[in-house]
A.B. asks: 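My questions will all concern the structure given below.
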Amino acid sequence: MRGAFVCVQPVSRLLGSPRAAQVARGLFPMNEHDTPFAELPVEEQLFRMRHSAAHVLAEAVLEMFPEAKYAIGPPVDNGFYYDFDLPRPLNPDDLVALEARMRVSVERNLPIRGEQIPKAQAREVFKDQPYKLELIEGITDDTVGYFRHGEFQDLCRGGHTETTGQLGAFALDRVAGAYWRGDEKNAMLQRVYGLLFPTAEALDAYRVTREEAEKRDHRRLGRELDLFHLDPISPGSPFFHPKGTVLYNELTEYMRSLYTEYGYSEVITPQVFSAELFKTSGHYQNFKDDMYMLEIDEQEFGLKPMNCPGHCALFRSGHYSYRDLPLRFAEFTRLHRNERSGVLHGMTRVRSFSQDDSHIYCTPDQVEHEIRSVFAMAKRIYEELGLGLPVIRLATRPEKYAGEIPDWDVAEQQLGDSVRSVGYEYTLAPGEGAFYGPKVEFHFRDAIGRSWQLGTLQIDVAMPTRFGLQYTGADGEDHTPHMLHRAILGSLERFIGVYVEHTAGHFPLWLAPVQAVVVPIADRHVEYAQQVRSMLREKGLRVEVDDSNERMGAKIRRAQLQRVPYMLVVGDREQEAEAAAVRDGTGADLGAIPVFQIIDRMVDERDSRAIYAGAPHEQA
RNA sequence: GCCGCUGUAGCUCAGUGGCAGAGCAGCUGUUUCGUAAACAGCAGGUCGUGGGUUCAAGUCCCACCGGCGGCUCCA
């Protein structure tokens, strides 16, 4: 009955919420004020407050700019937004004025009323509003939802408070650009974002949380912890400092150790390939503009933007039988993509990166087992790194695809079944698959809640055929192998970025760039401190001595701020007892411990890859 | 790539057309200290880059480059 799905929400913002299910099922009664607002579930109340606030914002904007064209304005997970086509850009002062105008509407406590009206009537009401007219034409029903309060009227499917006085605590946050209907071929509108929470306290709490999250921003911590930096001399290409390189190498070694266990074979393929390779794979046709292309001896070459074509070329160079399969090629070499300037973001979206990448070639009846093995490996790795559960998406066949539809259908089914079989849930991302096959995506959030894809598992329904890959089956005939793509950390760069924010820089001991700092109390203890350092270094522990001309308190503070897991304080008493006074990264004083026991403890903690357990002990 | 904002010392920032500043970090010296910041001094700048307006530009205008927040994209 309700076709007027006008206040469209981006799917990503709705994932998992009960409201999402309601919206999907179209369960909105038009007579939505049957149940008193105060008796609605809290989540429904908040949704309605945010939705109504969007209307009140649009009312204020139309008052400030009578010629404004308004588009859509849904609630989102921290408030609401509304998109406008305006005669000039909005500035921060405008937001102040708009917010004040919104509060007038709240003060007036106007009733918000909705009804279904015939399309013809709606066309008349919104005759000067091209975006609304376009929306009306997209609605298949004979009637559309129409809401109003005071002088303001909007095309809307509903979900509102009873009056404008029920909005809770809100504040206009920022203005940003957004394409009409999310299509970059369309006009760029101005999107005004607002924050909205049930109470002023909740709004303040949200702001405090956001400020705290900024302290964990990997771009900030990367500098403060001396891990990496980005330089305009090569935009989007990180410089890994010595400490960041330790992280990078430890993560790589961790994956290598698992490769031995899970039967992967590491390979190294070229950085530069003839364009012919990418034409065969299909990447040239799909991504040429985002590749670094070179002309050498009048021939076209390109820096590899991914490893799959190279691995297919490697497979093709060999003569494999079914007895050799599954063949799991793994590679860590660097990849380059000329990403559009606007998408670069710290370490999480870069132009130069490395993946824990692998391509698995197998027989048809091995596919299921290989998929499960990848899931098991991913689950284990995320657990061992203390990341918790990923949000999983299943991305299906896009408009531009290679291969045959029946193969796509089978592959999508296989991936979906396998996610469920390991007890994970997923959300569907229709049309978001790779051009060569459907993909499962493993997403994790950064400090301010942005979701990033780390791992992925993809079934390739195109490349083995395009490359003419063959193996000899038990029947003596040639067969085309099945092919999986997978990465678990994803790009090392993005992983490190997200992981820095997840841990706030408190890495597990095995990843900590400096695992202990020895703090001599006075100059006369420096020599002993160096002995302690030597003893730990003999066991491969990364240890420094802070022999700077500072008081002990300052050295402790510096080590704490650098997130060093252990501080080993040595003075007369410790030197006498061949011990050190141990303080851990949480700030806890573990007392004097003999050096050999400290070594045992640290080696155990390192080799077991224990995750950092302590609550971060932060100071401003 | 698009919309908006932004760029002053290593970092955080002040400087609203008239002599480029502060704190922290750094360096030097003094201090030799018991669990989150000792004290003093010194040094540090083509105000992102290039044009323009002006007697005079860090400040106003234009372009480009980088960054930030979104949008789009993400093999």
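So you know, we letter chains A, B, ... as the sequences are listed, proteins then strands, and number each from 1.
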A.B. asks: Where the side chain of A:R340 is concerned, which of B:A75, B:U35, B:G1 is the nearest nucleotide?
C.D. replies: B:G1

A.B. asks: Can you tell me if A:R494 and A:Q453 form a side-chain donor-acceptor pair at under 3.5 Å?
C.D. replies: no

A.B. asks: Between the protein and nucleotides 62-68 of chain B, which nitrogen or oxygen pairs are less than 3.5 angstrom apart?
C.D. replies:
unit_1, atom_1, unit_2, atom_2, d
B:C68, OP1, A:R219, NH1, 2.9

A.B. asks: Does any N or O donor sit under 3.5 Å from an N or O acceptor when you compare the side chain of A:Y81 with the base of B:G70?
C.D. replies: no

A.B. asks: Taking all atoms of both residues into account, what is the closest heavy-atom pair of A:F353 and A:P305, and its distance?
C.D. replies: CZ-O, 4.3 Å

A.B. asks: What are the two closest non-hydrogen atoms of A:P481 and A:L469, and how far apart are they?
C.D. replies: CD-O, 3.3 Å

A.B. asks: Quick one: A:N549 CG to B:U30 P, roughly how many Å, whole number?
C.D. replies: 9 Å

A.B. asks: What integer number of Å spans the C1' atoms of B:A14 and B:U59?
C.D. replies: 13 Å

A.B. asks: Please pick, from B:A75, B:U35, B:G1, the nucleotide with the shortest atom-to-atom distance to any side-chain atom of A:R337.
C.D. replies: B:A75

A.B. asks: Let me have a per-nucleotide readout for nucleotides 3-13 of chain B, 5' to 3', with B, S or -, counting only protein heavy atoms under 4.0 Å.
C.D. replies: BS------SS-

A.B. asks: For the pair made of NZ in A:K555 and P in B:U35, what is the distance, rounded to whole Å?
C.D. replies: 14 Å

A.B. asks: Tell me whether the OP1 or OP2 atom of B:U72 has a side-chain N or O from A:R181 closer than 4.0 Å.
C.D. replies: no

A.B. asks: Roughly how many Å apart are B:G4 and B:U8, using the C1' atom of each and rounding to a whole number?
C.D. replies: 23 Å

A.B. asks: Could you tell me the separation between the CD1 atom of A:I556 and the P atom of B:G34, rounded to a whole number of Å?
C.D. replies: 12 Å

A.B. asks: With a 4.0 Å cut-off on heavy atoms, is A:G553 in touch with a base, just the backbone sugar-phosphate, or nothing at all?
C.D. replies: sugar-phosphate

A.B. asks: Within the structure shown, what part of the strands sits under 4.0 Å from A:D183 by heavy-atom distance: base, sugar-phosphate, or nothing?
C.D. replies: nothing

A.B. asks: Is A:K304 close enough and on-axis enough to A:F273, meaning under 6.0 Å and within 45°, for cation-pi?
C.D. replies: no

A.B. asks: For the side chain of A:T396 and the backbone of A:G431, is there at least one donor-acceptor N/O pair under 3.5 Å apart?
C.D. replies: yes

A.B. asks: Is there a donor on the side chain of A:R558 or the base of B:A25 sitting less than 3.5 Å from an acceptor on the other?
C.D. replies: no

A.B. asks: Name all residues meeting the side-chain contact (heavy atoms from CB on, under 4.5 Å) criterion together with A:E67; count only those two or more places apart in sequence or in a different chain, and write none if there are none.
C.D. replies: A:F65, A:P87

A.B. asks: So what's the dot-bracket for RNA chain B: Watson-Crick or G-U pairs under 3.5 Å, [ ] if a pair crosses, | if it pairs off-strand?
C.D. replies: (((((((..((((....[..)))).(((((.......))))).....(((((..]....))))))))))))....

A.B. asks: Just to verify, what does A:E214 make a salt bridge (Lys or Arg N to Asp or Glu O under 4.0 Å) with, not counting sequence neighbours?
C.D. replies: none

A.B. asks: Using a 4.0 Å heavy-atom cut-off across all strands, classify A:D523 as base, sugar-phosphate, or nothing.
C.D. replies: base

A.B. asks: Is the NZ or CZ atom of A:R50 positioned over A:F197's six-membered ring, under 6.0 angstrom from the centre and within 45° of the axis?
C.D. replies: yes

A.B. asks: Do A:R174 and A:Y193 form a cation-pi contact, if we require the NZ or CZ to be under 6.0 Å from the six-membered ring centre and within 45 degrees of the ring's axis?
C.D. replies: no

A.B. asks: Students often get this wrong, so: under 4.0 angstrom with heavy atoms, is A:A559 touching a base, only sugar-phosphate, or nothing?
C.D. replies: nothing

A.B. asks: Quick one: is the NZ or CZ of A:K132 closer than 6.0 Å to the six-membered ring centre of A:Y70, and within 45° of its axis?
C.D. replies: yes

A.B. asks: By nearest heavy atom, map A:A522 and A:D589 onto RNA chain B; which one lands nearer the 5' end?
C.D. replies: A:A522

A.B. asks: Between atom CG in A:D289 and atom P in B:C74, what is the gap in whole Å?
C.D. replies: 13 Å

A.B. asks: What integer number of Å spans the P atoms of B:U31 and B:A22?
C.D. replies: 28 Å

A.B. asks: Determine the interatomic distance between C1' on B:A56 and the same-named atom on B:A25; round to the nearest Å.
C.D. replies: 36 Å

A.B. asks: Do A:E276 and A:Y284 meet the criterion of a side-chain donor-acceptor pair at a distance under 3.5 Å?
C.D. replies: no

A.B. asks: Please classify the nucleic acid contact of A:G282 as base, sugar-phosphate, or nothing, using heavy-atom distances under 4.0 Å.
C.D. replies: nothing

A.B. asks: So what does A:E574 hit on the nucleic acid, given a heavy-atom distance under 4.0 Å: a base, only sugar-phosphate, or nothing?
C.D. replies: base

A.B. asks: Determine the contact category for A:R524: base if any of its heavy atoms lies under 4.0 Å from a base atom, sugar-phosphate if only primed atoms, P, OP1 or OP2 are that close, otherwise nothing.
C.D. replies: sugar-phosphate

A.B. asks: Identify whether any heavy atom of A:Y179 sits under 4.0 Å from a base atom; if not, whether one sits that close to sugar-phosphate; answer base, sugar-phosphate or nothing.
C.D. replies: base

A.B. asks: Rounded off to whole Å, could you give me the CZ-to-C1' distance for the A:R349 and B:U72 pair?
C.D. replies: 10 Å

A.B. asks: For a quick check of understanding: with a heavy-atom distance under 4.0 Å over all strands, which category does A:R174 fall into, base, sugar-phosphate or nothing?
C.D. replies: sugar-phosphate

A.B. asks: Find the distance between CG (A:L344) and CZ (A:R349) and round it off to the nearest 0.5 Å.
C.D. replies: 8.0 Å

A.B. asks: Would you measure the distance from the C1' atom in B:C73 across to the matching atom in B:C3 and give it in whole Å?
C.D. replies: 16 Å

A.B. asks: Find the distance A:R191:CZ to B:C2:C1' and express it as a whole number of Å.
C.D. replies: 13 Å

A.B. asks: Between A:P305 and A:D572, just flag the one whose closest nucleotide in RNA chain B comes earlier from the 5' side.
C.D. replies: A:D572

A.B. asks: Once side-chain contact (heavy atoms from CB on, under 4.5 Å) is applied, do any residues pair with A:D572, and if so which ones, sequence neighbours excluded?
C.D. replies: A:R524, A:H525

A.B. asks: Are A:D290 and A:R340 close enough for a salt bridge, meaning some N to O gap below 4.0 Å?
C.D. replies: no

A.B. asks: Rounding to an integer number of angstrom, what distance separates B:G48 and B:U32 when you compare their C1' atoms?
C.D. replies: 45 Å

A.B. asks: Nearest whole angstrom, please: distance from the P of B:C71 to the NZ of A:K185.
C.D. replies: 18 Å

A.B. asks: Quote, to the nearest angstrom, the P distance that separates B:G66 from B:C60.
C.D. replies: 23 Å

A.B. asks: Test your reading of the model: is there a side-chain donor-acceptor pair from A:D356 to the backbone of A:I488, 3.5 Å cut-off?
C.D. replies: yes

A.B. asks: For the C1' atoms, the ones on B:G52 and on B:C68, what distance do you get once it is rounded to whole angstrom?
C.D. replies: 28 Å

A.B. asks: Give a yes/no on whether any side-chain N or O of A:K304 is located under 4.0 angstrom from OP1 or OP2 of B:A75.
C.D. replies: no

A.B. asks: Using atom CG of A:N78 as one end and atom C1' of B:G69 as the other, report the distance to the nearest whole Å.
C.D. replies: 13 Å

A.B. asks: As a test of reading the structure: which of B:U31, B:C74, B:A37 is closest to the side chain of A:F287, going by heavy atoms?
C.D. replies: B:C74

